[in-house]
Amino acid sequence: MKRIVILCVEDEAEVLDAVLRDLSPFKSVMRIEAAESVDDAKTVLEECAADGHPVGLILCDHLLPGVRGVDFLIALQQDAHYVATRKVLITGQAGLEDTVRAVNEAKLHHYIAKPWKAEELQTVVRDQLTEYVIRTQDDLIPYVGVLDGARILEAVASSGRDQ
Amino acid sequence: MIRALDALLVSPSRMDLPAGTMLFRMDDPMDGIYVLLDGQVKLYQEIDGKEVIFHAQTAGRILGLLALTRRSKAFFNCRTTTPVQLLKIGFEDLDQALQQSESLLETFITVLLRSMARRSTRLVELQTEVLALNKSLSRERDALARTLRELRQAQAFLVESEKMATLGQLAAGVAHELNNPIAAINRAADFIQEDLLALAGELPDGAVFGEMLNRALEQKPLTTREQRERRRALARILDDEAMAEHLVGMGIHDAADFERIARNLPGPDEAKIVRMNRYHQLGGALRNISRCAERIAGLVKSLRSYSRSDGEDEVEFDLHEGIEDTLRLFSNRLHDVTVERQFADLPRIKANPGALNQVWTNLIANALDAMEDRGHLTIVTAPQDGAVNVRIIDSGPGIPPEHLKKIFDLRFTTREGRVEFGMGLGLSIAQNIVSRHSGRIEVRSEPGCTEFCVVLPLAPSETVSTPSRSS
Amino acid sequence: METEKRVPDWLSVKSVGLVVAVVFFFIPFFIEFEGLSPMGHRMLSVFLMAIALWITEAIPLHATAALIIFLNILLVSDRAMLPLPDDYKAPGFSTFFFSLANPVLMLFLGGFFLADGAAKYKLDKNLAKTLLKPFGEKPSNIILGLMLIVAVFSMFMSNTATTAAFMAVVLPVIARLPPGDRGRIALALCIPIAANVGGMGTPVGTPPNAIALGALNAQGIHISFVHWMAMIFPFMLVVMVVAWQLLVRLFPCSSKTITIEIDSSYDRSPKAILFYFVAGTTILLWFTEPLHGVSSAIVGFFPVVVMLSARLISDKEFHSMQWSVLWLVAGGIALGTGVGQTGLDNWLIGLIAWDQMAPAMIGGALCLVALVFSTIISNSATANLMIPIAMSLAVSLGDDMNRLTAAVFVAIGASLAMMLPISTPPNAIAYSTGQVQTKQMAIMGALVGGTGLIIFILVAPHVWALFGLLE
């Protein structure tokens, strides 16, 4: 089965650990991948593309070695493969200018300020992925239990057919 | 002429007037001329509410000559300054008299010409006066502007210094306050670790608990790329991606290792992995707490020593410590900068450490600004006889030669032509501090290599008077 | 924990299904079956292929339907690509195309429009809110209320859409119950069960009903909307009440009260009011067919025309309708026609010595086989494959079994299959909420399915005969 990928880009191992742990409720239906730099993230994207797994959500730190998180997200927005991908910036350091740029040019969907709370992160991830699956997936039923069930069911109700 | 007039006009009326009498006003219609027989009058115009005196007439002069030529209105205001006696002759009377007497006409023309000549001389004098006045005025204006600029600079300097001083105190205070919680966190992490290991000894699956805990605590961090590679390799062997993911997450890279540890656990593989993962996560969280607490402690230490001794005491200390502290506090801007340190063995230097930290801060900030936070930063220290020098070299675009002279001027900045305070002020503060330490800053710049070299004597030769708290 | 085994792509169910379908298709070309006419062989190819494709879903269900229509035309119509035997009375090729415009489909289409309109103008939620009120707050009453309402809606709307809409309402209620409360299971299960069972209630409730009706129509047996309801609805209610009792006894709720909040209010826009009128009129006309004699298919076209003309359904909504379901039903009708015309049905029936069995047993067997099949594969596919054969069987048995009974039994059997998450989309939805385990679903599914089977096989035919519903 093709699994939707959540990609988490964060260069500090301890912070990455924490984010991944907070993402564990989604593990049963999503594939969770980590990258510690933008180059690494690009490799992950290629691997996912090779496996045929669509990338549903990118959680990206801003201050990364090499390329800035915002620039990475903007570059992704130019790529037709990742236009539908939900993009979330999770950072304590992006200035207003960068954030505005991310919203305007990368179509940033959400901004999480560090330090974050598990519940906050999970709510954002759940909402964003729900939006993603409703927009892109034909079969929504596998996601009812893990994502926003009521919203997904509303979507199913408007398109559900008997077989 | 008076006599002739007297004769001709049959003793025209003589008027005796006290001082301060207004004879006529500017633009009043004039119907004759006045001949001043005795006393003084002044002719003036009112400009911007002020009297501007053009002539001070004494006896023997004729007033109203200009009006006569224009046959109409008075050109000046005329007021007596002493008691005067004067003769007023109406234009018609004058006409009559002049027509009757050739000699009077001659005399009158002579008087008229003389009067005109006098006036013209006065005009030239006035012109010269105005020019001189103008010159002195503009001199004064320039002086004022210079003073104002200097005042403004001094004020900016003071504000900045005051701000830095307050910030320094705040930082030191916060750093101090942070020490307690950090110490408590560090200790608490240690306690948890001790207790968990003790607990592991008592539990039935304690061996696994202990092993997983220790693994997590001592785990050498893998890059995400390495983790993915290991995971893929293990998935090929196990033919099970999810299991491989869990095992690699726990730092277990081969199946035999898993078998050995899991042997002591009950239940199916899935349950074993869940259990092992829980233990491992516990250790991982503990490790992260300790590591992060250490990092915060390091930052706090730097912050404290950076902002310590904010007074004006000059103490002997190691220059490198201050540079290292400064660099550490810049760490959020150094992600994309490679920092190269070429530190020589330096003698301890007697100076104000807080003030020097600000020099490093300003120079490094300036270098980072120029490089836009990415590139190569080299810091070289070297002893020089009786002094040390610290060179801060950045790989930025360099400073054009025409700017190089102005670089220490206040408010000089090359950032996109905008006038910004930061750099100019920073550099001039740095220069100020260095010169107070009897040192100097030299700049060399070419594209890709800009060097600020700070030369500091080991001990300042004399105590330079310093504005208070501007460190 | 999910363990994912890597399966080579070429070994997936779908690719295997494709291969099997091709092999099945060619078997009758190479192997001669005794007693089967040459045309029967050709139709057997299509039939076997349809079985393979509908079971494995190697291609979408409606694609298989389209393929059947196409192959029927190419193989057994008067325009067949292969030569036709002289004694074969070939159906016109348009017969097969006409299956796409069968009156039953128009009836079904009317159902779609009403369902879409109800969802668009939130009539479903508003009615649910109003209708739930009398059931109070006692959990068992609420569950009964929910089940009855869901059943009524799924009589007119697709079971899947009804389940999804009501599950969205129930999910927050479930979340408020304490974890481990068995009431959660009851709430999560009551909706798919009610939807599956409710779907039996009207000809437009679920595709198998339409397929049965279409097959009956093709043989000149016209069943009105109310006729169907009169046959099924009372028994459906009995099954529902049994299911309700099972649910509240097996999965009692620990809370004393539960409240269902539906945040919605009646739309009073002119368009909404027009829709209420259209829906009311359509349903009224369906119910009163014996009085006015207008076919339910023609009535079904009324909401289609009005709602499209008045733009109650936008172009976009029109395009996203469940057209694939209509294709699926059409494929079944085409298959039935082909099977009947070529005599394949008689040959298939001849394979089993039916006369050894009691008529009730035969009916039971039909119903049971349909139930077992559709537990695994799509309900519509089951009905498509079985109804033509079931009806021929009824004919071959003479008076012992009515064709109507046979068709209805298969349709009912298909709807009673609800043991596994994959049995029906409503089950998949309930399972996906994570509140229900497969085992619990299997137990409830077996009990409800078993009850339904017994009631329909043992009781219903006698009642139908008594009231003259089989004439």
Side-chain angles (χ1 to χ4, degrees), chain A residues 1-3 5-24 27-48 50-51 53 59-69 71 91-95 97-98 114-115 118, chain B residues 185 189 216-217 219-233 235-236 241-246 248-251 270 273-274 277-278 280-296 299 330-339 368 372-375 416:
Chain A
M1 184 186 131
K2 78 177 175 177
R3 286 166 84 192
V5 177
I6 305 176
L7 172 58
C8 184
V9 193
E10 167 65 63
D11 62 328
E12 287 194 23
E14 292 85 7
V15 181
L16 185 61
D17 268 2
V19 176
L20 291 181
R21 172 103 187 234
D22 285 343
L23 290 177
S24 57
K27 222 171 177 173
S28 57
V29 284
M30 307 281 167
R31 167 171 163 184
I32 297 174
E33 288 287 353
E36 58 198 359
S37 69
V38 167
D39 279 343
D40 202 19
K42 285 178 182 158
T43 318
V44 174
L45 291 180
E46 280 164 21
E47 287 172 9
C48 293
D51 293 346
H53 293 182
L59 279 169
C60 194
D61 184 23
H62 179 53
L63 272 190
L64 293 165
V67 185
R68 289 280 179 268
D71 295 320
T91 179
Q93 294 123 321
E97 203 179 313
D98 280 332
K114 287 178 187 170
Chain B
I185 290 175
L217 286 170
Q219 194 170 335
K220 199 172 112 276
L222 288 178
T223 64
T224 46
R225 193 182 295 266
E226 283 167 342
Q227 277 189 31
R228 284 199 305 278
E229 280 159 9
R230 302 257 172 116
R231 195 176 73 201
R232 223 172 301 133
R236 264 198 299 276
E241 267 185 38
M243 184 148 161
E245 190 181 332
H246 280 106
V248 171
M250 293 189 282
E270 279 78 14
I273 287 181
V274 169
N277 199 30
R278 209 180 293 291
H280 188 267
Q281 277 180 354
L282 214 50
L286 215 48
R287 180 195 62 217
N288 286 347
I289 292 177
S290 301
R291 264 196 217 154
C292 291
E294 267 164 39
R295 273 175 56 194
I296 298 179
L299 273 171
F330 266 115
S331 58
N332 71 321
R333 292 183 63 184
L334 295 174
H335 283 266
D336 295 335
V337 176
T338 44
V339 181
L368 292 177
E372 292 179 337
D373 292 359
R374 84 186 41 196
E416 293 161 29

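Each chain gets a letter, A, B and so on, in the order its sequence line appears, and its residues count up from 1. What you see is a predicted model; the values in this text were computed from it and never measured.
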Run the salt-bridge test on B:R291 and A:E12 with the 4.0 Å N-O cut-off and return the result as yes or no.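 So B:R291 does not pair with A:E12 through a salt bridge.
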
Once rounded to the nearest 0.5 Å, what's the spacing between atom [atom1] of [X] and atom [atom2] of [Y]?
X	Y	atom1	atom2	value
B:R295	A:E14	CZ	CD	6.0 Å
A:E33	B:R231	CD	CZ	4.0 Å
A:R21	B:N288	CZ	CG	10.5 Å
B:Q281	A:L20	CD	CG	10.5 Å
B:T223	A:D11	OG1	CG	13.0 Å

Which atoms of B:R228 are under 4.5 Å from chain A, going by heavy atoms: the side chain, the backbone, both sets, or neither?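 Contact with chain A is through the side chain of B:R228 alone.
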
Does any backbone or side-chain atom of B:Q227 lie under 4.5 Å from a heavy atom of chain A? Answer side chain, backbone, both or neither.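 Interface part for B:Q227: neither.
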
List the steps, then state whether side-chain contact (heavy atoms from CB on, under 4.5 Å) holds for B:T224 with A:L16. CA-CA 10 Å; B:T224 46; A:L16 185 61; 3.7 Å; yes

If you apply the rule salt bridge (Lys or Arg N to Asp or Glu O under 4.0 Å), what do you find for A:E47 with B:R225, and how did you get there? CA-CA 11 Å; A:E47 287 172 9; B:R225 193 182 295 266; over 6 Å; no

